[in-house]
Amino acid sequence: MDKNITAITSRGHERGAILVLISVSITLLMLLVALSVDIGWIVVAEGQLQHTSDSSALAGAALLRDKDALYGTPDQSDDIPISREYSRQYVEYQTVTSRSITIDPNEANNIDGDIVVGYLADPTNQSSVLEIDSIPKYNSVQVETKLSQEINGPLGLFLGAITGSNDVEVTTRATATLDDRIVGFSVNDGESLPMLPFTIWKDTWYDQRHSPPPDGMTSWDNYRVEDGVVSYGSDGIPEIYAAMFKPDEGIPGQTGNCRTSFVAAVVGTTYVRNQIYNGMNETDLDAVSGLKLMEDGEGGFYKWLPGEHWMSSSWHSALRYIKGETRIVSLFETLSIGSSPPTACAYPLDDLSGLLKGKAFSLPETCCGIYEYHEITEFKAVTVCDSQWPSDETQRYFVLQPAQITTETAIINPDMPNSETIYSLSLTR
């Protein structure tokens, strides 16, 4: 009898221990569920907040383009407040966890503020510090968004009674950079680079305004561009008059101040005309080993491209067709005349300009009709304004007005000079 009583008591103790274990397990499980739910909620909120920081930083940085530079008077003083305000508005257009949020504009531009407009000397280097004092120009916008006690309120948790935490603060930050130190371009399959197959003599771009304007004209500023519409008249931005055969126009010892540039695997009149219409694709760039300038070891950049001293009437027609559209052109510093690459051997070759430096060059995979090679050193953006094709070839020219364009295909290098016309916009932090 005593043994039975002992057995019953033992079984009761076991059942009691199991109940305690089950209670503890259920409590731990509930805590884990609560923790998982709240962690997931925090991840969702942080993701939405980070998206808001990213997009508002990009929106603000995009407005740092200094249009005054096109008039020869660079001045960002009017662009910075617009950029800051647009970033602020963009944040307030967004919702995070189904609620509207706000941000402090930080008009004093303190480095620890919610919106900071500054300068990154090297956006490709993660250790490059965002500078706000004594800087050459503004190229970056940093945005910090918060769910905190100070602004917007912290993120409420679902199971605070169980976890012991009723809310949590969430902060995200992003920096976007608008950089015009363009060293080249790279396109992927299906992408197009809006670039003209022409190259302008560098001195024409920078010095043309110091010489007399074209025949029959009293000014270099004869066209007005408004929202892609070109009309006659002045808008304060002088044009570039590109002529293939006009005597004494630019290149010493040569006629004209521009050339046709081949960035293509197959050279032909129809192909070049299509590039005027549609730009250059990945295959075109691959034919010249990419369209990125190389360092010359002396602080400059260059790339030799093949071309010729000729222009087709169909190209003239194509230029008139894209009148008012923005394109990219290259600037060349020197040229080499002949059907062979300028540096097929190890010594410098002379050309009629006496300027060839004898630098490395990559030939296209397939080419024909090549009679010149041009040393490309910069890229610029332009609006096509006009193209004239009289019977006298010395009077033929096309007109390009400096413009501004932002393209994801642009490659930056902090050692390149500022283009003031072509920009790359990206998240850098």
Side-chain angles (χ1 to χ4, degrees), residues 69-70 72 180 182-185 193-211 213-214 220-223 225 237-263 272 275-276 279-280 288 291 293 300-312 315-316 318-319 322-323 325-337 351-353 355 372-388 394 396-405 416-422:
L70 295 177
D180 64 341
I182 307 302
V183 73
F185 305 91
L193 176 67
M195 183 168 178
L196 292 174
F198 302 110
T199 182
I200 309 297
W201 190 45
K202 186 175 180 179
D203 285 7
T204 292
W205 183 276
Y206 290 105
D207 298 337
Q208 176 178 267
R209 296 169 183 81
H210 301 298
S211 60
W220 289 111
D221 180 16
N222 300 290
Y223 293 84
V225 180
I237 305 176
E239 292 84 37
I240 300 296
Y241 284 74
M244 283 281 180
F245 299 103
K246 187 175 182 180
D248 303 320
E249 182 62 25
I251 307 169
Q254 295 282 298
T255 58
N257 59 7
C258 72
R259 295 292 187 268
T260 298
S261 184
F262 295 145
V263 181
V272 173
Q275 286 186 333
I276 297 174
M280 300 172 180
V288 293
L291 203 56
L293 306 183
F301 294 82
Y302 74 99
K303 184 177 182 69
W304 284 96
L305 292 178
E308 64 179 340
H309 188 186
W310 184 76
M311 185 172 178
S312 164
W315 303 348
H316 150 75
L319 285 168
I322 64 169
K323 185 176 178 178
E325 296 185 16
T326 300
R327 293 291 192 270
I328 295 168
V329 294
S330 64
L331 304 186
F332 75 96
E333 187 171 319
T334 60
L335 60 81
S336 173
I337 298 176
D351 65 287
L352 294 182
S353 301
L355 301 171
E372 288 189 353
Y373 293 86
H374 312 120
E375 184 192 29
I376 308 303
T377 57
E378 287 186 60
F379 303 97
K380 298 290 184 180
V382 295
T383 297
V384 178
C385 292
D386 202 357
S387 182
Q388 297 293 328
T394 65
R396 296 170 183 171
Y397 63 86
F398 55 98
V399 186
L400 308 173
Q401 185 182 96
Q404 292 180 330
I405 187 174
M416 277 291 292
N418 296 105
S419 164
E420 297 183 331
T421 63
I422 308 172

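Values below: every heavy atom of this structure, side chains too, minus hydrogens, waters and symmetry copies. Just so we're clear, the structure is a prediction, and the values are computed from it rather than from any experiment.
Judged by distance alone, the side chain of E239 and the main-chain N or O of N222 form a donor-acceptor pair under 3.5 Å. For the pair S336 (side chain) and Y373 (backbone), a donor-acceptor distance under 3.5 Å is absent. Using a distance-only test at 3.5 Å, with no hydrogens or angles considered, a donor-acceptor pair links the side chain of Q275 to the main chain of V263. The backbone N or O of E420 sits less than 3.5 Å from a side-chain atom of Q404, completing a donor-acceptor pair. A donor-acceptor pair is defined here as one N or O able to donate and one able to accept, closer than 3.5 Å; such a pair exists between the side chain of T421 and the backbone of A381.
Residues L291 and F379 form a side-chain contact, since some pair of their non-hydrogen atoms from C-beta on lies under 4.5 Å apart. Side chains of F198 and V382 form no contact here, defined as non-hydrogen atoms less than 4.5 Å apart. Residues T394 and P247 meet the side-chain proximity criterion, which asks for heavy atoms closer than 4.5 Å. At a threshold of 4.5 Å between non-hydrogen side-chain atoms, the residues L319 and M311 count as touching. For the pair Y241 and D386, the minimum side-chain heavy-atom distance is 4.5 Å or more. Inter-residue side-chain proximity for I240 and K380 is flagged as unmet; no heavy-atom pair is nearer than 4.5 Å. Inter-residue side-chain proximity for F185 and P194 is flagged as unmet; no heavy-atom pair is nearer than 4.5 Å. Proximity of W315 to P197: side-chain heavy atoms (C-beta onward) are nowhere separated by under 4.5 Å.
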Chi angles and distances behind the side chain to side chain contact (heavy atoms under 4.5 Å, CB included) call for T255, H309: CA-CA 9 Å; T255 58; H309 188 186; 3.0 Å; yes

Test side chain to side chain contact (heavy atoms under 4.5 Å, CB included) on C385 and V225; report intermediate values, then the result. CA-CA 8 Å; C385 292; V225 180; 3.9 Å; yes

Verdict with reasoning, V384 to E325, per side chain to side chain contact (heavy atoms under 4.5 Å, CB included): CA-CA 6 Å; V384 178; E325 296 185 16; 5.8 Å; no

Can you list the steps and then say if M416 with F301 is a side chain to side chain contact (heavy atoms under 4.5 Å, CB included)? CA-CA 8 Å; M416 277 291 292; F301 294 82; 3.2 Å; yes

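If you take CG on D180 and CD1 on I405, they are separated by 13.5 Å, rounding to the nearest 0.5 Å. In this structure, the separation between OG1 on T334 and NE2 on H374 is 9.5 Å, given to the nearest 0.5 Å. For the atom pair Q401 CD and W220 CH2, the distance stands at 14.0 Å (nearest 0.5 Å). The line from CD1 of I251 to OG1 of T204 is 7.0 Å long, rounded to the nearest 0.5 Å.
Across every non-hydrogen atom of S330 and M195, the tightest pair is CB-CE, 3.9 Å. Nearest heavy-atom pair across M244 and W310 is CE-O, 3.6 Å. The heavy-atom pair separating H316 from S387 by the smallest distance is ND1-OG, 2.7 Å. In this structure, N257 and F332 approach most closely via the heavy-atom pair O-CE2, 4.4 Å. A pairwise comparison of heavy atoms in L293 and K303 identifies CD2-CB, 3.8 Å as the closest pair. Heavy-atom minimum distance, F262 versus G307: CD1-CA, 3.6 Å.
Partners of D221 under the salt bridge (Lys or Arg N to Asp or Glu O under 4.0 Å) rule, at least two apart in sequence or in another chain, do not exist in this structure. With sequence neighbours left out, the salt bridge (Lys or Arg N to Asp or Glu O under 4.0 Å) criterion links K246 to E249.
Just one residue in the list L196, L193, I182 forms a side-chain contact (heavy atoms from CB on, under 4.5 Å) with I328, and that residue is L193. Applying side-chain contact (heavy atoms from CB on, under 4.5 Å) to R259 and the options T199, L305, I200 leaves one that passes, T199.
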